[in-house]
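Bear in mind that the values here come from a model prediction, so they are computed numbers and not experimental data.
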Amino acid sequence: MKEKFSCTILQSEALTQYLLETSAYPREHEQLKEIRSATVEKYHHMSVMNVPADEGQFISMLLKIMNAKKTIEVGVFTGYSLLATALSLPNDGKIVAIDPDREAYETGLPFIKKAGVDHKIQFIDSDAMTTIHKFLDNGEEGTFDFAFVDADKENYIKYHELLLKLVKLGGIIAYDNTLWAGTVALVEEDLSQEWIDRIGVNRVHLKNLNSFLASDSRIELAHLSIGDGLSLCRRIK
């Protein structure tokens, strides 16, 4: 068991820093560095709600391989993954970004504008369920190439059902934090009350999601040990 709860599955803090400092940070876009720094300055320990640099670079490469043009992001925070996505899409690409916290989004917005990609983003400060339903009602079923979900974990399965309609056949839905610092593998009986309080109920929600996705015949699944766990679901039905 890890000595402390942190948003990475790597057991060694030294290895985490090695990966970031050797491979990720040297290739990190300047405005991504600025968002990361501004987020730490304003939100302190809550800054871990953004994806780490190596995960952002993985998503960027995936989008380019897919030739993605139209994406949706559920849960934005200050916009690190949003900017990584916007930088990866073509100039006429579009991202629908949904988050009820406009203040957090506006923390990163100056850097998104500085990078020259704000024209690709439609930010909607609303709950995601309502917004996704509106897109489906407006005839946008099957029109999105990619969806990234980093939001309220208790609703991941509900989002999955809606996003399977919104994303096209062959499109990908990505769920973040699905290993929850590795705690999804811990046995309930071995956990002290202190650890249960520290890792929270999201561990249970994510275990339920992982089991659900593993048995979902409508998708191909790749559960990756990057960042805090990333589940890629390719729609096949």
Side-chain angles (χ1 to χ4, degrees), residues 29 31-32 35 39 49-51 55-56 58-178 209 218-219 230-235:
H29 190 279
Q31 274 68 65
L32 287 171
I35 280 188
T39 304
M49 289 169 60
N50 274 331
V51 301
E55 184 178 345
F58 171 80
I59 292 169
S60 173
M61 186 177 291
L62 176 64
L63 290 167
K64 291 171 183 175
I65 292 170
M66 293 173 62
N67 292 316
K69 192 170 181 179
K70 185 178 180 182
T71 75
I72 184 169
E73 184 159 327
V74 178
V76 174
F77 192 41
T78 60
Y80 189 97
S81 55
L82 178 62
L83 177 53
T85 298
L87 289 166
S88 305
L89 299 186
N91 192 53
D92 60 345
K94 177 184 177 182
I95 311 163
V96 174
I98 310 168
D99 199 304
D101 188 351
R102 178 174 284 276
E103 180 182 348
Y105 167 68
E106 290 181 347
T107 299
L109 185 56
F111 310 109
I112 293 172
K113 289 181 176 179
K114 187 176 177 181
V117 293
D118 53 299
H119 66 282
K120 302 179 187 180
I121 298 168
Q122 178 187 359
F123 179 76
I124 302 172
D125 54 347
S126 171
D127 72 279
M129 294 291 184
T130 300
T131 302
I132 297 171
H133 273 295
K134 285 181 179 177
F135 276 102
L136 291 171
D137 291 343
N138 289 337
E140 300 222 32
E141 184 169 339
T143 65
F144 285 77
D145 302 305
F146 179 81
F148 181 71
V149 184
D150 185 4
D152 42 330
K153 314 309 178 194
E154 68 269 23
N155 283 320
Y156 269 25
I157 292 177
K158 292 179 181 177
Y159 291 140
H160 185 69
E161 294 300 331
L162 293 176
L163 292 170
L164 274 177
K165 298 176 183 177
L166 201 63
V167 169
K168 69 181 185 181
L169 281 170
I172 289 177
I173 308 168
Y175 296 100
D176 199 31
N177 304 117
T178 52
L209 172 77
R218 299 167 296 178
I219 61 167
L230 183 68
S231 295
L232 299 181
C233 306
R234 179 174 178 267
R235 182 188 169 196

How many angstroms lie between [atom1] in [X] and [atom2] in [Y], if you round to the nearest 0.5 Å?
X    : Y    : atom1 : atom2 : answer
N67  : S88  : CG    : OG    : 12.0 Å
F58  : L63  : CZ    : CG    : 9.5 Å
M66  : I172 : CE    : CD1   : 4.5 Å
L209 : N155 : CG    : CG    : 11.5 Å
L163 : C233 : CG    : SG    : 10.0 Å

Side-chain (R235) to main-chain (L164) donor-acceptor, under 3.5 angstrom: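 Yes, R235 side chain to L164 backbone: donor-acceptor pair under 3.5 Å.
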
Determine yes or no for a side-chain-to-main-chain donor-acceptor pair under 3.5 angstrom, with Y175 supplying the side chain and I157 the backbone.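 It does not hold such a pair.
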
Compare every heavy atom of [Y] with every heavy atom of [X], then report the nearest pair and how far apart it is.
X    : Y    : answer
L87  : A115 : CD2-CB, 4.2 Å
L162 : H133 : CD2-CE1, 3.6 Å
A68  : L89  : O-CD2, 3.3 Å
T178 : L230 : OG1-N, 3.5 Å
S126 : T131 : OG-OG1, 3.3 Å
A97  : I121 : CB-CG2, 4.2 Å

I need the single residue from I59, I173, L62 that forms a side-chain contact (heavy atoms from CB on, under 4.5 Å) with L232. Which is it?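 Among the candidates, only L62 passes.
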
For K94, does the NZ atom sit with more than 12 other heavy atoms under 6.0 Å from it, leaving out its own atoms?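 It does: K94 NZ has more than 12 such atoms within range.
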
Criterion side-chain contact (heavy atoms from CB on, under 4.5 Å) on T39 and Y80, from CA distance to verdict: CA-CA 9 Å; T39 304; Y80 189 97; over 6 Å; no

Does a donor on one side chain sit under 3.5 Å from an acceptor on the other, for T71 and T85?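 There is no such pair (donor and acceptor under 3.5 Å, judged by atom type) between the side chains of T71 and T85.
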
Test side-chain contact (heavy atoms from CB on, under 4.5 Å) on E161 and R218 and set out the steps. CA-CA 10 Å; E161 294 300 331; R218 299 167 296 178; 2.9 Å; yes

Can you run down the salt bridge (charged side-chain N to carboxylate O under 4.0 Å, His left out) pairs that involve [range], sequence neighbours left out, and say none if there aren't any?
range            : answer
residues 148-159 : D150-K153
residues 111-120 : E34-K114
residues 95-106  : K42-E103, R102-E106, R102-D125

Does any non-hydrogen side-chain atom of E141 lie less than 4.5 Å from one of F135?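 F135 vs E141: side chains apart.
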
So F123 and L82, do their side chains get closer than 4.5 Å, heavy atoms only?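 No, their side chains stay 4.5 Å or more apart.
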
Residues Q31, V117; criterion side-chain contact (heavy atoms from CB on, under 4.5 Å); working and verdict: CA-CA 11 Å; Q31 274 68 65; V117 293; over 6 Å; no

Who passes side-chain hydrogen bond (donor to acceptor under 3.5 Å, both in side chains) against K69, sequence neighbours left out?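 Here the qualifying residues are D92.
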
Mind checking salt bridge (charged side-chain N to carboxylate O under 4.0 Å, His left out) for K70 and listing every partner two or more places apart, or none if nothing turns up?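 Testing K70 for salt bridge (charged side-chain N to carboxylate O under 4.0 Å, His left out), a comparison that skips the adjacent residues, returns E140.
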
Mind running side-chain contact (heavy atoms from CB on, under 4.5 Å) on I112 and I35 for me, showing each step along the way? CA-CA 8 Å; I112 293 172; I35 280 188; 4.2 Å; yes

Who pairs with K134 by side chain to side chain contact (heavy atoms under 4.5 Å, CB included), at least two apart in sequence or on another chain?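 Listed in chain order: T130.
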
